[in-house]
Asks: 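This structure is in structure tokens; I'll ask about it shortly.
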Amino acid sequence: MKKIELLSGDEALARGAYEAGLKAAASYPGTPATEILEYLAQFKEVDAQWSVNEKTAFEVALGASVAGVRSMYSSKHVGVNVAMDPLMTSAYTGVNGGFVIVTADDPGCHSSQNEQDNRLIAKFAKLPLLEPSSPGEAYIMARSAFEISEKFDIPVIIRLTTRVSHTKENIEISDRIEVPDKPFAVNAPKYVMVPVNAYKKHIELETKLSEIQKYSEQSDLNAIEMNDASIGIIADSVAYLYAKEKFPNASFLKLGFCWPFPDAKIKEFASKVKELYVIEELEPFIEEHVKQLGIKAKSKDASYRIGELNPALVKEIVEGKKKTERPQGARKPVLCPGCAHRSVFYALKKLKAVVAGDIGCYTLGASKPLEALHTTVCMGASVTMFESMSKILGHGKVAAVIGDSTFVHSGITGLIDAAYNNANGLVIILDNSTTAMTGSQPNPSTGYNAKGEASKRLILEDICKASGADIVEVIHGFAPNLQEKIKELMGKDALSVLIVRYPCKIIAPVKDPMPVFSKESCTKCYMCLQVDCPAIHKDDDGNIVLEESVCTGCNVCVLACKFGALKKAD
């Protein structure tokens with residue numbers, strides 16, 4: 001009997017890897033890649049782990065490959081940036097067991113700080129690139145990637161995008177194939193990348209890429225579909241499906257094995273069609289190569305390098321139009337009711353602090369009406385940017401805000417740097433006991449691993465002291481003296497860390513008595529709305545409304561009310 005499962009692209013890829021004999025997988029949570037590792041964590045045959053950051057995850061997975069088992073690294077696109085140091089050299093060392101690198105790109109910036117196109121990294125790193133256009137293809141390509149990796153002794157990149165990662169499809173699954181471990185042999189010229197070895201390995205890599213290019217020409221992952229020859233479309237990833245939907249009678253060259261490019265197949269296809277278009281999201285990666293081959297192709301306007309495509313936009317590209325930005329109607333993201341981050345940002349706003357921020361739920365502190373977070377660049381940058389900003393602007397005016405998981409990811413090194421370089425001021429760690437933004441995954445400070453097993457727990461207070469902080473204190477997320485404590489530590493001639501500890505309401509949904517609201521005492525000053533809580537709003541007549549079904553009793557709104565209309569319940 002056939003076994004059918006409804007799987008997302010992430011889950012389908014993970015399932016395909018599991019069936020292909022995957023034994024080791026490492027990642028760091030990040031949308032849209034998170035569900036890959038979460039799916040793999042259910043299988044006892046796979047050593048699936050959340051690592052402290054992407055560089056660590058990559059090296060763990062690479063080490064497993066060198067030791068002789070099939071392994072996989074996965075992360076969102078910006079996570080690959082963190083892993084670039086070992087990634088670039090892994091093309092030189094090659095593999096032992098098959099090694100697959102998964103990047104989940106995010107056209108449209110749905111959950112990311114940029115839209116970088118990681119197809120460019122495949123070319124830059126000289127690594128083969130596969131691109132599924134659907135969950136079904138992701139399932140198939142996982143197995144193909146391991147086969148290519150072991151055939152050519154090289155890591156293979158699979159690139160997903162948000163739409164492929166999160167779309168669901170019925171997949172006919174199979175049983176797992178147990179792949180024998182490859183024997184490990186000491187081989188310094190292969191794995192020790194000192195200059196003399198690295199130079200020789202680069203020569204080998206270029207030869208290897210030539211062989212891989214020939215292989216891509218014959219691969220079924222690149223397919224010519226001849227229909228109406230008056231219009232030919234070269235497309236990859238989900239753009240292929242959009243183009244197929246809008247131009248079902250056109251001829252297509254679908255690229256699934258996208259790099260090295262199958263030049264002969266591209267030339268063959270171009271010779272068979274009258275007008276040639278390249279449909280792809282973000283950068284003109286395929287288009288530029290097609291033109292380098294001397295082939296005339298219709299260019300998309302540069303405006304389409306921004307954001308996702310969809311069938312309507314594909315039609316506009318073929319019609320030669322410029323992209324018109326459409327207003328986004330999505331609701332404003334907001335911190336959850338009862339989130340302790342809200343009390344911290346409300347205090348920082350009252351203190352008029354300049355706040356260097358980071359990646360996580362707390363990035364929402366930048367939104368109106370809080371507007372109490374002023375920089376966000378990448379994971380861990382809050383502490384390092386605070387280090388210099390506090391010296392220039394005065395440490396009594398600047399604070400860093402970082403989450404517990406992000407602090408472990410890349411904030412510790414920043415704190416060490418700040419201590420080493422004699423910085424003063426306040427670093428606030430928002431410890432909500434989870435990696436909340438990406439779906440409440442554990443991290444080293446929670447004491448649990450990806451499989452839900454108990455593990456050694458990192459004590460944040462101890463690591464902060466060991467990193468050189470002069471003062472380390474812990475405070476409750478809704479402590480009545482929170483603002484005073486922040487002000488005190490910001491003003492000290494010392495490097496201070498304040499750990500604001502309160503569990504995320506999603507993992508610990510405790511509900512306290514809601515504040516008592518007196519309509520008669522309300523002056524409609526609307527200061528309570530400045531805490532940006534979903535539980536409090538005004539009605540059509542301008543009256544304040546407190547939603548009992550939403551309120552968790554955190555009482556931050558009580559702090560904002562100066563007229564006694566909101567009071568803490570007895």
Asks: Do T435 and S405 meet the criterion of a side-chain donor-acceptor pair at a distance under 3.5 Å?
Replies: yes
Asks: Enumerate the residue pairs fulfilling salt bridge (Lys or Arg N to Asp or Glu O under 4.0 Å) with a member in residues 307-316, sequence neighbours excluded, ordered by first and then second residue.
Replies: R163-E308, K315-E319, E316-R326
Asks: Which residue pairs pass the ring pair (Phe, Tyr, Trp, His ring centres under 6.0 Å) test when at least one of the two sits in residues 275-312, sequence neighbours left out?
Replies: F261-F285, F261-H289
Asks: Once side chain to side chain contact (heavy atoms under 4.5 Å, CB included) is applied, do any residues pair with E225, and if so which ones, sequence neighbours excluded?
Replies: Y240, K244, F252, K254
Asks: If you define the side chain from C-beta out and look only at heavy atoms, does anything of Y28 sit under 4.5 Å from K55?
Replies: no
Asks: Is it true that E115 and H77 share a donor-acceptor pair across their side chains at a distance under 3.5 Å?
Replies: no
Asks: Are any of the side-chain nitrogens in K76 or E54 under 4.0 Å away from the carboxylate oxygens of its partner?
Replies: no
Asks: Would E283 and R119 pass as an ion pair if we require N to O under 4.0 Å?
Replies: no
Asks: Would you list the pairs meeting salt bridge (Lys or Arg N to Asp or Glu O under 4.0 Å) in which at least one residue belongs to residues 22-42, sequence neighbours left out?
Replies: K23-D181
Asks: If I compare all heavy atoms of N170 with all of I4, which pair ends up nearest, and what's the gap?
Replies: CB-CG2, 3.7 Å
Asks: Looking only at side-chain N and O atoms, does Q113 offer a donor or acceptor that is under 3.5 Å from a partner on T376?
Replies: no
Asks: Under the salt bridge (Lys or Arg N to Asp or Glu O under 4.0 Å) test, which residues partner K200, sequence neighbours left out?
Replies: none
Asks: Pairs in or reaching into residues 106-154: which pass ring pair (Phe, Tyr, Trp, His ring centres under 6.0 Å), with residues at least two apart or in two chains?
Replies: F152-Y215
